[in-house]
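To find a chain, count down the sequence lines: A is the first, B the second, and so on, and within it residues start at 1.
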There are 2 protein chains.
Amino acid sequence: MNEPRVPRLKDVAAEAGVSVSAASKILRGDVGRFGEETCRRVVATAERLGWRRNLLVSSIQSGRTMTVGVMIPPYDSFWVKVLSGIHHRLGEADYLPITIWQGDLDHMPHFEADEQEGLRQINRLLDRRVDALIMWPTFAVAYRRHISDLAERSVPVVVIDYEPDEPICDTVGTNEALAAKTVAKHLLDLGHRRIACISSRESQSQTWALERREEFERAVEVQSDAEVRSWRLNREGTNGVEVATELLTSDFRPTAVFAVTDHEARHVYDAAAALGMSIPSDLSVIGFADLDFAAGLAPPLSTVRQRPREIGVEAASLVLQRLDGTVSGPFTKAKIEADVILRESTAPADQ
Amino acid sequence: MNEPRVPRLKDVAAEAGVSVSAASKILRGDVGRFGEETCRRVVATAERLGWRRNLLVSSIQSGRTMTVGVMIPPYDSFWVKVLSGIHHRLGEADYLPITIWQGDLDHMPHFEADEQEGLRQINRLLDRRVDALIMWPTFAVAYRRHISDLAERSVPVVVIDYEPDEPICDTVGTNEALAAKTVAKHLLDLGHRRIACISSRESQSQTWALERREEFERAVEVQSDAEVRSWRLNREGTNGVEVATELLTSDFRPTAVFAVTDHEARHVYDAAAALGMSIPSDLSVIGFADLDFAAGLAPPLSTVRQRPREIGVEAASLVLQRLDGTVSGPFTKAKIEADVILRESTAPADQ
DNA sequence: CTGAAAGCGCTTACAG
DNA sequence: CTGAAAGCGCTTACAG
């Protein structure tokens, strides 16, 4: 077998007629006082043989792999953009993200069920000595304990869109409070006074859903003659249309609905259509997330667009700062602004 | 600084009172003839100290990193599912994909422009000694030459959805011919006889677009009284609606349109709406890809659903087989079937 | 100006 | 039954 081997540094050194340590130094640009001619020869030889530094070796020696483990599935366009931001920022710094997502994309993965599987995933990354970890909320919730362990091994962790009462690591999220307030103001300004809120399951890992709804309720109630009522989907999030129907046919008779997510807004659309209500003349609807389908709904959905790419970039930046020591000490809570996108699903309330 | 170090094997060995080589063997389960008591003690100590094997070291020693470089951006839901399949299959085999996607997701990346950037990306993966590479067509086209170099270094490469005339590596794609034929048959069965095809830019990296169109044309022409004509977008793919309008207002007056992609189908929807034509009564439309938005269009778009997850799984399987030697020799062309999904955008031709 | 030695964290023959 | 030595592919003090 003459399997074409990847050339070694010693091959380059031999060819160029220098010692291995000389070759090593020269090729790293640490020219020292080596002869100009020698340097040229070594560099040329390396190029000719197609030699490339073995980063695994550097990693072992320096204790830094320049990789970051990323535990975020591309669950929807929001998370894909977050991932894109992470890749972008990390790439700039010559770090490489290593993303892990087992399981299929159709069901939002929950690890409460299979503790072992998640642990296996963390360990696969750790065994490859990633310098840090970025994860999404579901994961963080399931592995709170381990995140603290990681801190002890000085592996910084950043979690996105998750804000437990007592912080366990750095977090990056959307400025939910401000966004919810702006949405409330928009609906109030249009004259709506009976406003419903439809929320998702608000599990432990969805602190944003909770915050979004609560801030929204608070902001509506500032207007003394306005009333707000909230409905929530079941644990599995499977009864969206039923809940939306219930909400629309309740004696509350809302003229506007704020959906904590575009997913729920879509359920409201479906329920309204089935009930023969038309949007926005009978009912204003506003969502959150500006998911792929939002602009394509009929009518196009007004919604709040987060800045997932910025969120990803910020998460990566935080990780890098922890790694180079620029940031140290107490955990950071980064908040990225969101933009209210007005389309055609909101209109003035009937007088 | 008493930075909490990751424990080393020698720490475990010292604590357990055995030599490093003994600890190494025992912890890899190569119990040899070590005393049962000794084994238990070593394993317990490792667990207590939280020792984990450093995979970087194993990689250097074995020459295998158990990682596969993946150069596929999550450009749309199709590619996300391909990625998901790759992750799934690779994970099963205890391999880890390392995905690289610089650049933003809004523009399909082209590397024709920046040769250096793409090379840098390949090298970032190679420097980390990935065992193999999986890439998407755009990339493969731009780096044909390098793919051959890789083969020489015995780094297997699998390209998805790309089939040049002379193969340069293993490929996985959809059975375009059969799918196109089935679509043609569907439209002919509905009585359509003037059928248009709207195709994307058909660049070098879109061999599938070419194949899809050609096979479709051929399949329509089998029916002697039927006629097919094709239109194509410009190089940048930016004039979709114009081309669709042109097609619909041409003297050819097609009663059905096959769009090589759902993207183009959407353009046909937009053009038809602007012209006051209604789908499917005035015009049948069928797309390809079943992208996220297809089912949400009004009316829901009939289309062809590929099996991106299967494609991803197959690509990963091929890579694994090349790596373990199960497959060797000439390049493989794997073809995954596609399913025609009938929704409401196709109807019988007016009599 | 340049090289020999020790080391990174392990594993793999080889000796005893 | 167990350990000392050499090695994976490099880099980093240290000597000369």
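- Annotation: of the two residues near DNA chain D, R129(B) and V18(B), the 5′-most nearest-nucleotide partner is V18(B).
- Every residue two or more places apart in sequence or in another chain was checked for a side-chain contact (heavy atoms from CB on, under 4.5 Å) with A14(B), and none qualifies.
- Annotation: side-chain contact (heavy atoms from CB on, under 4.5 Å) contacts of S19(B) (sequence neighbours excluded): S21(B), A22(B).
- Closest to the S19(B) side chain, of the nucleotides dG3(D), dG3(C), dC10(C), is dG3(D).
- Residues satisfying the side-chain hydrogen bond (donor to acceptor under 3.5 Å, both in side chains) criterion with T67(A), sequence neighbours excluded, are T65(A).
- For R89(B), the side-chain hydrogen bond (donor to acceptor under 3.5 Å, both in side chains) criterion is met by E92(B), S317(B), not counting sequence neighbours.
- Put simply, CD on E37(B) is 14 Å from C1' on dC1(D), counting in whole angstrom units.
- S148(A) and R144(A) share no donor-acceptor pair across their side chains, judged by distance under 3.5 Å alone.
- Remark: R41(B) engages E37(B) in a salt bridge (charged side-chain N to carboxylate O under 4.0 Å, His left out) (not counting sequence neighbours).
- You'll find that the side chain of F34(B) is closest to dT2(D), out of dT2(D), dG3(C), dT11(D).
- Shown for residues 43-61 of chain B: residues whose heavy atoms fall under 4.0 angstrom of DNA chain D, namely I60(B), Q61(B).
- Taking atom P on both nucleotides, dA13(D) is separated from dC1(C) by 22 Å, rounded to a whole Å.
- When the side-chain contact (heavy atoms from CB on, under 4.5 Å) test is applied to E310(A), the partners found at least two apart in sequence or on another chain are R307(A), I336(A).
- Protein atom CZ of R128(A) is 15 Å distant from nucleotide atom P of dC10(C), rounded to whole Å.
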Determine which bases of DNA chain D form Watson-Crick or G-U wobble pairs with both distances under 3.5 Å, and write the result as a 5' to 3' dot-bracket string with | for other-strand partners.
|||.||||||||.|||
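- Residues from residues 20-28 of chain A placing a heavy atom under 4.0 Å of any atom in DNA chain D, listed by number, are V20(A), S21(A), S24(A), K25(A), R28(A).
- The salt bridge (charged side-chain N to carboxylate O under 4.0 Å, His left out) pairs that include a residue from residues 50-69 of chain A are R52(A)-D127(B), where partners are two or more places apart or lie in different chains.
- Scored by the side-chain contact (heavy atoms from CB on, under 4.5 Å) test, I147(B) finds M135(B), A140(B), V157(B), V159(B), I168(B), C169(B) as partners (sequence neighbours excluded).
- Partners of R48(B) under the side-chain hydrogen bond (donor to acceptor under 3.5 Å, both in side chains) rule, at least two apart in sequence or in another chain, are E15(B).
- Summarising the geometry, the separation between NZ on K10(A) and C1' on dA5(C) is reported as 17 Å, rounded to the nearest angstrom.
- Taking the six-membered ring where tryptophan is involved, the planes of H87(A) and W101(B) are essentially parallel, since the angle between them stays under 30° and well short of 60°.
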